[in-house]
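Read the numbers this way: they start at 1 and go in the same order the structure lists the ligands and their atoms.
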Amino acid sequence: MRGKRKARDDGGAAGRRPLISGNWKMNHNHFEAIQTIQKLAYALNRDDYRHVEVSVHPPFTDLRSVQTVLQADDVPIALGAQDCHFEDKGAFTGEVSAAMLAKLDVSYVIVGHSERRALSGETDEVVNAKAQAVLRHNMVPIVCVGETIEQRRAGQARDVVATQLSGSLDGFDAAVVAGLVVAYEPVWAIGTGETATPADAQDMCAHIRSRVTELWGSAAAAGLRIQYGGSVKPSNAPDLMEQPDIDGALVGGASLDATDFARIVNHRLYAA
Ligand code: PGA
C-alpha cells in the first residue's frame with residue numbers, strides 16, 4: 001500500500017537527508033554498468049531526489065563510464081567508490097588512491113567494509129587512514145562497522161561496534177564527524193537474506209549516535225548520518241528507513257537491479 005504511513009520528509013525530525021547507496025561490489029563490467037546507471041536514471045525522477053540523496057559505487061573499472069553518463073545527462077546521483085588506498089601515490093601495485101578517485105568526481109568512498117576487514121585484514125587503524133585520505137581529497141567516507149554472528153550471540157555486538165567506531169574515527173575533529181556517514185552493517189545480514197529487525201537496527205544505530213555524542217558532542221551526533229546495510233530490499237526498506245536513527249541504506253545485492261534499487265530509493269512511496 002502506498003503512502004499511508006507518515007513518511008519522513010526531507011531527512012526527518014533531525015533534518016538529516018538520508019543517503020541511499022548502491023554498493024555494486026565486484027559486479028557489472030563497464031558495459032553493464034552503463035546500462036544499469038542509464039536504467040536507474042530513467043527509473044528515478046527529479047522529485048525523488050528531494051527526499052533522499054543517492055549514490056552508486058561501481059567497481060573501479062566502471063567509474064569513468066558511469067561518471068560520463070551522469071555528467072552527460074546531468075543526473076543527480078553521486079558517484080561513489082568501494083575502497084581506496086590511504087597513500088596518494090607510490091609503489092602500491094594494484095591499489096587506487098583517494099586522489100585518483102577525486103579526479104573522477106567521486107563524492108563518497110566506502111571504507112572498512114566488512115568484506116575488506118575480513119578478506120583483506122583491514123584493521124581500524126587502516127580504515128582510519130583511508131577515511132583521512134578520503135577527507136583530504138574533499139570526499140566523504142562511508143565508514144562501515146558491524147558485528148559477526150558469533151559476536152552478537154556472545155552479547156558483544158555493542159562493544160564491537162563501539163570499538164570499531166572509535167578506532168576508525170580516532171583523532172577526528174567533531175566538525176568532521178558531523179559530516180561523515182557511518183554504515184552499520186551486521187556481518188550476518190550481508191548477502192544472506194537475513195535482515196536485522198527494524199528495532200534491532202534502530203537500537204544499534206542509536207547506540208552509535210550516543211557513542212558519538214560521548215566522544216565528539218551532540219552537534220557531531222546530530223549531523224552524522226548512519227546508514228543501515230545488510231539485505232536491504234524493496235520490501236523491508238520502508239520499515240528500516242522510518243527508524244529515527246537510520247539515515248539511509250547501504251545496499252548490496254538489491255542495488256544491482258535498477259528497478260529494485262529505485263524502489264528502495266523511493267521507499268517512502270511503498271510504506272505500508
Ligand atoms: P547486501 O550487501 O545488501 O547484499 O546484504 C550490503 C553490503 O555489503 O553493503
Does a side-chain N-to-carboxylate-O contact under 4.0 Å join [X] and [Y]?
X    : Y    : answer
R64  : D105 : no
K89  : E95  : no
E147 : R158 : no

task: Please check if any side-chain donor atom of E122 sits under 3.5 Å from a side-chain acceptor atom of H113, or the reverse.
output: no
L63 side chain reached by P58 side chain, heavy atoms, under 4.5 Å: yes
Please produce the table of protein N or O atoms sitting under 3.5 Å from N or O atoms belonging to ligand 1, one pair a line, distance to 0.1 Å.
residue	atom	partner	partner atom	Å
ligand 1	2 (O)	K25	NZ	3.3
ligand 1	3 (O)	S231	N	3.4
ligand 1	3 (O)	G252	N	2.8
ligand 1	4 (O)	G253	N	2.8
ligand 1	5 (O)	G191	N	2.6
ligand 1	5 (O)	S231	N	2.7
ligand 1	8 (O)	K25	NZ	2.7
ligand 1	8 (O)	H113	NE2	2.7
ligand 1	9 (O)	H113	NE2	3.3
ligand 1	9 (O)	E185	OE1	3.3
ligand 1	9 (O)	E185	OE2	2.7

task: Spell out, as yes or no, whether a donor-acceptor pair under 3.5 Å connects the side chain of Y184 to the backbone of I208.
output: no
